[in-house]
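Data first, discussion second: the structure below is written as structure tokens.
Throughout, protein chains are lettered first and strands after them, A, B, ... in sequence-line order, and every chain is numbered starting at 1. Quick caveat: nothing in here was measured; it's all calculated off a predicted structure.
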Amino acid sequence: MATWNARYKAGEYAEVWAEMEALGAGIRKPARRKAADAVVRETMKRARTNVQRLFAELPSLGYRFQGAPEPAEPDYPLELRIEHALEYVQKRGGREFKANPWSHPALAWVEDEEIEVPARFRKGDVGRSSYRPPGARMNGALDEIERQTGSPLPLAVRAWFATVGSVSLAGTHPALNRDGAVDTLRVTPEEIDRAAADGAGAEFVAAIRHAFAWGGFPGWSGRADAPERELAWLRSKLLPL
Amino acid sequence: MQITQLIDALRNVSPINFIWGAGCSGLDLPVTTSAEDSDAFRDRTHRKFGDSAEIDDAHASLLALGDYQRRQVLKCSTNWAGICLAELLRIGRAARVLTTNFDGSLVRATATFRMMPPLYRRDYPELRDAAAPCIYLLGDAPPEILVGLVGRGAASGPWIVIGCSGKRFGLSRTLLSVDRYDQGLYWVGHFHEEAPAELRDGLFTPERNAHWITGFDADSFMAYLLRGLGEFPPPRLVSRGQKIEPKACLEAFERQRPAETDLGPVMPELERLKTAGSAEVQSFLENLAGEDELALRAGHSASGLGTVACLLAGHRFPRLLKPFLMKAADLMEPDAPGDVSARFSEVCCILAQYSHGEGAAQWYARADASFAQMDFGPGCGAPVPYGHLPKWAAMLAEWACFEPGEQSEAIFGRARGTILDGVEKWEEMAAKKAAGRPSFVEAPFVKTSVDALGRQCKLAAAGFIPEFHQRARMLPAEKALELLAEARAWLEELPPGEGPYTELLAKHLFCEAEVAPQRQAALICEAEEQFQTLLRLAPGQAGAILSNWAAALSQLAMARSGELALALYAEADRKFQEAAKIASDAVLHNNWSSLLIREARERGGEPELLKRARGHAGRADALEAGKGSYNLACIAAERADREGVALWLERSAEHGKIPRLSHILRDRSFEKLRASQWFRELLEGIFDAGLVRGAQ
């Protein structure tokens, strides 16, 4: 009999997740956990790819992510701090950090202090309010939620934040989101459903599947005036999950 | 601990003490001097200043250099860390800074804000006794100094340690020795750097109230700190409400850096200052001293005060100028080895003239030390290489001749050797130049013509001849003759028949006559021939030539006694009369009065001669204020007129015409007064030379 993961990879996305969800908290039992984790990993790998593609493709359509407003006057000490840290990584960080200096320990404070990096340093990358990579601070926030609710978060939810990070596609676009009023894919630690059951998290996966099915703009679901051309183009870039 | 918590904690405590390490420096040195970086720095230092067995890292490399060499090696750029700390010092949020850095970037930053906090260097008060704000320059202090200061002053405020690796100066051990930092200790690591291993668990504990801060370098931490405790960028760099990029701020800061004192607007004032009231001169010089000190702190050389004080020295009271000359010496000394015009040496020489004995020797020694560091070889770019050597020789000769002591012979020997060294170098260059094969390192010298080098040799040699004469007068006859024979040999190398050399030869012959009585007649005859030649060569200067002839005769007369002396005095008197018929000036009348005083003494105090002497000294004084006053004081002394002595000595001092202190103390006119408390107090009032305390 094929494993959940093999079936998942073969396209039985919803079915596999439904079976896993049906086990409730039993999914965490050792006998099931290994097989479940493989599905969760595969799902989140696809989710991360989709998120990365959306962040890459949307700006090419002219989409403007809703970031924290740039301060009227630059935060000079912060800019100095970032500039010097980047210079330091450039000079002494070694080859492995050339492509992504932000992951160097010398810049760990950016995440630790939840710094909104000024646009000029992001080189086109989205800001912190649109995307935060996984990190210790985020894990800490999830631990705290679990402590408060007294039960573990669903596997899918926990895995999302460990693999993908915090994501919000909120923003504006003449067709996709004229006034920023259309619901977008938005998964942040602050908006986790604390009442969610402690099972596999099929409901969460269904929600993100739905969001990706609408190119990251689930708000257009069921609406006749949806910008089909743009949504179809976005959809074509995404992996099924 | 996060930065916001740290700033909150610092808002409500005393001003901060800083330990300011290499990582805060404007130099391109790493916080933790890695082997690679210190090697590169060491190589650079070695290339410039040669090898040293003690050199093992960047700090030691710097330590092995002198102040001037360090200033040459260290080229620091303005950085935010220095600017922000300067601003915190200015607004009173920082109290004391202990730094081992040599580069002066922090001091330069304070100077740019026109601040001059006390700089403690080599003499370090306890923290509780120190001014606030202040900066301890501990660069070349032994490690135990820092240890002691921190250990005993731990409770004097919160501490921020920044830019330090903790590996040097026993810093880690010292900080561990303090049980608790009541107002906090905050050690700022470099970005993700970990705390020194030996401190990790021991120092950074809640009990000690010590904290390790990460995520910053010195620049960014200080910018955050200044924003938290004051205003960033500092308001002096930007107009209120003006938006300005940090880089533009750095440029604005550089533009505000005090410049070297511009003497252009000062020089026209100089004539007036020669006769202005003392209070005005004092205030003028105080301002100049302030500007110079600011310029020095800002990284420039500071010679404005010294230049002006030297120019005023011939016109103003020594006691008025002395503190300014001393200040000027301190300000000029750091850059003295780079000044081919040797103005520092001029200042030292004047201060030596205002002192005597050991006090004078110390000033000459300081000038000597600065000359020893000078490097004005062919690569220096000066029109004539080694242009400092004649000045060095002149300074040494002055030292040997006017402050006689056990070392005088050796010092004079060095003076003579310096000139010979210069002449040898110039001749060698001229030979190379003539042969058309200057080496590449001598490229600038290629511009110097063979003629110019030859002229330099002659000028240097001729300029030193009077030093031979001066020295010969101090020696026993035999040695004096040896010295004069050498001088004669130098003279013979000079082109005969040219005015200045002819006059030198005439004076030399008189000098030889002084120490060789048996050949006096022949020598005088030869000297007179030279003066006659000179009169033919320059008939327009006959007055001055005759005056010099008379002075030479007078000098010779002093070396004789009895009838021989009186005959020479009479001859000199006649020459002065001849000279006065052609042209009379203050110098002539003053020299004439000197002659008459000596003759009067030779004749046992002949009143008529003293009366004539007084007349000529009075005329000299009328022609040039103060010029004849010293002789009038001598005349008063011959007549035991204390009031007259005081009156005229003070007048001569008031106009800057008083001779050097050691000359006065040796002058036969004051022989009877020399030991008296009254006379010493009088001189003390003029020179402030420690005469009354008997310190010298």
Sub-4.5 Å side-chain heavy-atom contact between A:Leu78 and B:Tyr224 | yes
Under 4.5 Å from a heavy atom of chain B, the part of A:Ile82 involved | neither
A:Lys98 atom NZ: more than 12 heavy-atom contacts under 6.0 Å | yes
If you draw a 6.0 Å radius around CZ in A:Arg122, do more than 12 non-hydrogen atoms from other residues or ligands fall strictly inside?
-> yes
Determine which residues belonging to residues 101-120 of chain A lie within contact range of chain B, meaning some heavy atom pair is under 4.5 Å apart, and list them by number or answer 'none'.
-> A:His104, A:Pro105, A:Ala106, A:Trp109, A:Asp112, A:Glu113
The reported gap from CZ in A:Arg92 to NE2 in B:His190 (rounded to nearest 0.5 angstrom) is 7.5 Å
Backbone of B:Gly215 reached by a side-chain donor or acceptor of A:Arg81 within 3.5 Å = yes
What part of B:Thr214 gets closer than 4.5 Å to chain A, counting heavy atoms only: side chain, backbone, both or neither?
-> backbone
B:Ser220 to A:Pro77 - nearest heavy-atom pair and separation | CB-O, 4.5 Å
Are more than 12 heavy atoms from other residues, nucleotides or ligands located less than 6.0 Å from atom CD of A:Glu203?
-> no
Would you mind reporting whether A:Tyr88 and B:His192 have side-chain heavy atoms less than 4.5 Å apart?
-> yes
So with a 6.0 Å cut-off around CZ of A:Arg178, is the heavy-atom count from everything else above 12?
-> no
Does any heavy atom of chain A fall under 4.5 Å from the side chain of B:Asp217, the backbone, both, or neither of them?
-> side chain
Are more than 12 heavy atoms from other residues, nucleotides or ligands located less than 6.0 Å from atom CD of A:Glu146?
-> yes
Minimum heavy-atom separation for B:Asp219 to A:Leu80, with atom names?
-> O-CD2, 3.8 Å
